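This report refers to the structure that appears directly beneath it.
Below, chain A is the first sequence line, B the second, and so on; all start at residue 1. Since we're looking at a predicted model, the values are computed, not measured. Only heavy atoms go into these numbers, but all of them, side chains included; no hydrogens, no water, no symmetry mates.
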There are 2 protein chains.
Amino acid sequence: MKQPRLDERKAYILATVVYEYVATAEPVASQTLTQKYNLGISSATVRNEMAELEAEGYLVQPHTSAGRVPSDSGYRTYVDELMQPEALSAADRRRIRDDLRDASRELDELVDQTTRLLGRLSKSLAFVTKPQSETQLFKHIQLISIAPRTGIAIVVTSFGVSAQSLFELGSDVSADDLTRLSSAFNARFANRAIDEIGESEIAAVVAELGLTDDLRGAITTAMQSARSGEIPEIASAGAQNLLDQPEFSDVRKLRSILRIVEEQRTLYDIVADAMNSENPRVKIGRELGNEELADLSVVTVPYRFGPHAIGMLSILGPRRMPYARLLALASGTAESLSQRLADADV
Amino acid sequence: MKQPRLDERKAYILATVVYEYVATAEPVASQTLTQKYNLGISSATVRNEMAELEAEGYLVQPHTSAGRVPSDSGYRTYVDELMQPEALSAADRRRIRDDLRDASRELDELVDQTTRLLGRLSKSLAFVTKPQSETQLFKHIQLISIAPRTGIAIVVTSFGVSAQSLFELGSDVSADDLTRLSSAFNARFANRAIDEIGESEIAAVVAELGLTDDLRGAITTAMQSARSGEIPEIASAGAQNLLDQPEFSDVRKLRSILRIVEEQRTLYDIVADAMNSENPRVKIGRELGNEELADLSVVTVPYRFGPHAIGMLSILGPRRMPYARLLALASGTAESLSQRLADADV
DNA sequence: CTTTGGCACTCCTGGCTCTGGAGTGCTAAG
DNA sequence: CTTAGCACTCCAGAGCCAGGAGTGCCAAAG
């Protein structure tokens with residue numbers, strides 16, 4: 001179907017159709033092309049080419065007497081082969097820098113803030129996965145008594161506090177014992193990768209100090225939730241931007257999206273296969289694997305902590321999105337975020 | 001204008017109009033009233049009464065030959081004087097109990113979960129303020145070194161961890177000094193109300209131990225953000241439910257709302273004056289003080305920790321909302337949340 | 001004085017038709 | 001292979017109309 005590599009002229013026409021459609025949101029006609037972009041050929045020739053591009057699956061016609069619109073595979077070819085990469089505009093670069101300069105030093109908030117920034121700049125919906133614990137190093141655990149038989153266990157990792165959980169005990173335990181236990185753990189496990197610390201090792205330490213099994217449970221739970229193999233949290237922002245897009249004049253579309261954003265699950269599925277990979281990804285329309293998102297696209301780029309990608313930063317918008325610009329924007333933002341994390345010098 | 005107290009028949013008609021309009025979302029006609037509710041009078045009489053109710057400001061007519069719709073003050077009278085309080089349905093009661101039973105024990109997550117629950121049950125947008133620190137007691141501070149000159153300060157209050165902040169120091173400080181300092185603070189301030197702990201007291205302790213001013217700064221920041229007099233965080237859920245309401249067929253309305261939900265500021269303004277009061281509140285249409293929200297209403301109820309209200313739980317929906325039901329629902333949910341908090345027995 | 005049946009009047013809603021225009025596909029000639 | 005020309009298709013919007021839902025008012029009845 002689309003075996004034959006596009007010859008240069010066809011490629012240029014396809015690229016131009018995508019470009020024009022992204023700009024105007026109107027199906028693009030053969031005349032528009034010849035008038036606004038000076039290809040040296042007549043509209044009739046363009047019509048012939050477009051008919052072939054349609055037969056090959058790159059374009060579609062909303063109805064017989066309308067202009068052409070790119071299909072998923074039209075966009076795909078555009079993104080993979082035709083578009084000119086863009087650099088981040090100076091204005092955007094400055095806004096990112098200014099905005100993140102006085103951002104919080106706390107990881108969670110820093111990510112939230114970055115997400116909002118990206119939503120604003122992209123005028124789309126932005127979502128960012130928070131780092132999962134796997135790559136984190138255990139730094140410190142602290143058991144604190146806050147009422148006779150109730151305490152709180154706090155696990156600190158190389159990114160800052162990553163879990164806290166309340167626990168109740170069957171019998172009183174002295175504050176002193178809690179401190180001794182905390183210290184023993186810290187001495188033993190500091191700077192180990194958190195997911196390497198096994199339940200048996202934990203039990204061993206508790207037993208050594210002759211403390212109750214209750215405590216072992218409490219600690220295991222806290223460590224568990226610090227490394228929770230579950231879905232990472234996902235921050236999102238900018239849903240309202242989507243409303244400006246003509247494709248959302250139909251309210252039902254929007255409903256699916258709002259629901260999807262609220263259940264983080266589907267968002268996660270979208271980025272899961274790109275998770276912590278090193279390269280930007282673009283998913284277009286049906287590639288998202290969800291019929292409700294069929295006319296949307298997502299660009300996803302990683303952000304790093306030191307040498308490792310620890311989370312993904314994504315922009316969700318209409319399929320008709322300015323791919324090059326958003327890729328530059330997402331990359332730039334990811335870059336700044338990574339920089340900011342490195343500065344914290346943890 | 002609306003001085004004269006409504007006589008019984010007028011009151012009944014007003015109540016019925018509200019009831020019917022809430023149910024159908026259609027302007028209600030005099031005939032509908034006589035047919036579906038058996039008032040013993042003719043539609044002509046009802047028309048006369050409705051004309052008077054309109055003159056008095058309780059009803060409005062979308063256009064001359066349409067039925068009547070309640071005005072803000074029509075709803076207001078309904079809520080204050082006419083409606084029958086409802087009890088929580090058994091089904092709802094059960095769902096609340098089941099849902100919160102295996103909810104997280106961690107405050108933040110518990111609130112998030114409650115918010116989502118309330119959004120689902122109310123089929124509207126739910127938002128819940130998280131407790132502000134003012135009412136919290138200081139329990140514990142822990143300074144932890146996580147890299148040569150970098151550390152993290154964690155403040156634990158009676159609700160669990162409430163602030164954590166990274167700090168950097170000009171010179172190395174031994175882990176031991178950090179521990180000594182933490183202990184000194186804990187000994188001195190444990191169980192004091194967090195907003196009573198002044199900066200000078202903090203400085204005094206640091207000085208006593210002969211430690212650097214850097215540390216004073218770090219601790220002050222951490223305490224500051226634990227008691228941050230700022231807006232409390234607000235969790236929200238269920239925006240997509242609003243889309244089912246006919247009043248949102250116009251997309252622009254929704255845009256305002258999404259924006260408002262994302263900037264928590266406006267949400268906070270809505271509940272600010274009811275903040276931590278002991279009674280449920282209802283705000284109707286323009287009473288919300290925001291033209292963009294003119295055809296919405298909000299019900300707000302407090303939840304408690306021990307004897308004190310520490311946050312508010314709200315439902316935002318179309319002005320045409322089932323007030324009695326939502327009040328029951330919000331109250332029931334608040335009740336369960338308070339219960340859950342008390343159980344944690346902090 | 002209140003209630004009510006009757007009736008004329010208003011205004012919205014949905015469906016229908018019509019027209020202009022934007023685009024295409026095809027054909028035939030260069 | 002390209003292109004001018006032309007017939008054809010289809011949509012979008014405007015205008016029109018009919019139906020119907022509801023009201024307001026009047027005059028008669030209780």
Worksheet item: Do any side-chain nitrogens or oxygens of T45(A) fall under 4.0 Å of OP1 or OP2 in dT3(D)?
Response: yes

Worksheet item: Does S43(A) place a side-chain N or O at less than 4.0 Å from the phosphate oxygens OP1/OP2 of dT3(D)?
Response: no

In whole angstrom, what separates [X]'s [atom1] from [N]'s [atom2]?
X: R47(B); N: dC25(D); atom1: CZ; atom2: C1'; answer: 10 Å
X: I41(B); N: dT2(C); atom1: CD1; atom2: P; answer: 14 Å
X: E49(B); N: dG24(D); atom1: CD; atom2: C1'; answer: 15 Å
X: H63(B); N: dA21(D); atom1: NE2; atom2: P; answer: 13 Å
X: M50(B); N: dT23(D); atom1: CE; atom2: P; answer: 5 Å
X: N48(A); N: dT27(C); atom1: CG; atom2: C1'; answer: 11 Å
X: R68(B); N: dT23(D); atom1: CZ; atom2: P; answer: 6 Å
X: L33(A); N: dT3(D); atom1: CG; atom2: P; answer: 14 Å

Let's see if you can work this out: which of [options] has an atom nearest to the side-chain heavy atoms of [X]?
X: T64(B); options: dT10(C), dT24(C), dT23(D); result: dT10(C)
X: A29(B); options: dG24(D), dA4(D), dT23(D); result: dT23(D)
X: R9(B); options: dA4(D), dG23(C), dT3(C); result: dT3(C)

Worksheet item: Is there a donor on the side chain of S65(B) or the base of dT23(D) sitting less than 3.5 Å from an acceptor on the other?
Response: no

Is it true that [X] and [Y] have a side-chain N and a carboxylate O under 4.0 angstrom from each other?
X: D295(A); Y: K253(A); answer: yes
X: E81(A); Y: R76(A); answer: no
X: K283(B); Y: D273(B); answer: yes

Worksheet item: With nearest nucleotides of DNA chain C determined for Q31(A) and P62(B) from heavy-atom distances, which residue corresponds to the more 5′ nucleotide?
Response: P62(B)

Fill in: N/O donor-acceptor pair under 3.5 Å between Q245(B) side chain and F248(B) backbone
no

Discussion item. Could you measure the distance from the OG1 atom of T266(A) to the CG atom of N290(A)? Nearest 0.5 Å is fine.
Written reply: 6.5 Å

Discussion item. What contact category does A44(B) fall into here, base, sugar-phosphate, or nothing, at under 4.0 angstrom with non-hydrogen atoms?
Written reply: base

